[in-house]
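Worksheet for the structure shown next.
Residue numbers count from 1 along this sequence. Model, not experiment: these values are computed from the prediction.
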Amino acid sequence: LMVRYQRGDRNAFAALVGRHSACIFSLAFYLSGEEVTAQQVTRETFHYLASEAATFHLEAQFRTWLFSKVHSIIVKQNLGGRSESSADTEWPESYSRLDALQVESAPPSSRAYRSQLLLRRVTARLALLPLEMREAFLFKQIGQLSIVAIADAMCLDSDTVRQLIRSAFDRLQEGVT
């Protein structure tokens, strides 16, 4: 699709947006906790794709190339202008609303109720992870990138990415068990 877009096929761009926008939005939302920021990151990512399509080379993994831009946008925006240290401790009000799912809508003995509670706990725990750890974890879980692709996107070595993901998983498990 990207090669078709590079050759001028506008339908290919629409297909790329359709295929990747939900994943990029989800990543940006879980990294920022803010719907508006996630929308901005998604728009900016596709603006980048449109304006910098010529810099993509077929040898590269498209998702890695695209997610490296998501990473740079998130870093640039620094989660709405907060410092890195505050990003690790403060979380936007909108994320708290996401965390407060309507668990009471399902009977307490139901599977749906237990699933909503678990999602709520994981979401709350995810918000406490340091940004870099949260980002590596989400690139793996939501973006389904390989360790090498995450390392490329985040400009880290593979061992560091493995450690970040392992630590994130451990911290998330601690909070939900």
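Heavy-atom minimum distance, Ala168 versus Leu129: CB-CD1, 3.8 Å. Of all heavy-atom pairs spanning Ala153 and Phe67, the tightest one is CB-C, 4.1 Å. Taking every heavy atom of both residues into account, Ser167 and Met133 meet most closely at CB-CE, 3.6 Å. For the pair Gly143 and Leu27, the tightest heavy-atom approach, listed with the atom from each and the gap, is N-CD2, 4.2 Å. When every heavy atom of Val70 is checked against every heavy atom of Val41, the shortest pair comes out as CG1-CG1, 4.2 Å. Thr64 and Ala149 make their closest contact through OG1-CB, 3.0 Å (heavy atoms, listed as atom of the first residue, atom of the second, distance).
Contact of the Leu156 side chain with the Leu164 side chain is registered, since non-hydrogen atoms from C-beta on lie closer than 4.5 Å. Residues Leu16 and Leu66 are not in side-chain contact: their nearest non-hydrogen atoms beyond the backbone lie 4.5 Å or more apart. Contact check for Glu174 versus Arg125: side-chain heavy atoms found under the 4.5 Å cut-off.
Considering CG of Asp152 and NE2 of His71, their distance stands at 11.5 Å, rounded to 0.5 Å. The structure places CD of Gln144 at 13.5 Å from CZ of Phe139, a figure rounded to the nearest 0.5 Å. In this structure, CD1 on Ile165 lies 12.0 Å from CG on Asp170, to the nearest 0.5 angstrom. Going from atom CD of Gln40 over to atom NE2 of His47 covers 14.0 Å, rounded to the nearest 0.5 Å. Separating the CD1 atom in Ile74 from the OG1 atom in Thr37 is a distance of 7.5 Å, to the nearest 0.5 Å. Atom CD1 of Ile150 and atom OG1 of Thr160 lie 12.5 Å apart (nearest 0.5 Å).
Phe25 and Phe29 have parallel rings, their planes meeting at less than 30° on a 0 to 90° scale where 60° marks the start of perpendicular. Under the 30°/60° scheme for interplanar angles, the aromatic rings of Phe46 and Phe13 are found to stand perpendicular.
In this structure a side-chain-to-backbone donor-acceptor pair under 3.5 Å is present from Gln6 to Phe56.
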Checklist entry - How far apart are the C-alpha atoms of Ile73 and Tyr48, what are their side-chain angles, what is the distance that settles it, and do they pass the side chain to side chain contact (heavy atoms under 4.5 Å, CB included) test? => result CA-CA 10 Å; Ile73 293 168; Tyr48 170 80; 5.5 Å; no

Next on the checklist: Using the rule given for side chain to side chain contact (heavy atoms under 4.5 Å, CB included), can you reason through Leu128 versus Arg171, listing the C-alpha separation, both sets of side-chain angles and the distance that settles it, and then say yes or no?
Outcome noted: CA-CA 9 Å; Leu128 299 175; Arg171 287 186 186 188; over 6 Å; no

Next on the checklist: Could you go through Leu49 and Met2, starting from their C-alpha distance and side-chain angles, then the distance that decides it, and tell me whether this counts as side chain to side chain contact (heavy atoms under 4.5 Å, CB included)?
Outcome noted: CA-CA 9 Å; Leu49 187 147; Met2 187 60 181; 4.3 Å; yes

Next on the checklist: Determine whether His20 and Arg63 satisfy the following criterion, side chain to side chain contact (heavy atoms under 4.5 Å, CB included), listing intermediate values before the conclusion.
Outcome noted: CA-CA 9 Å; His20 297 285; Arg63 287 174 69 90; 3.5 Å; yes

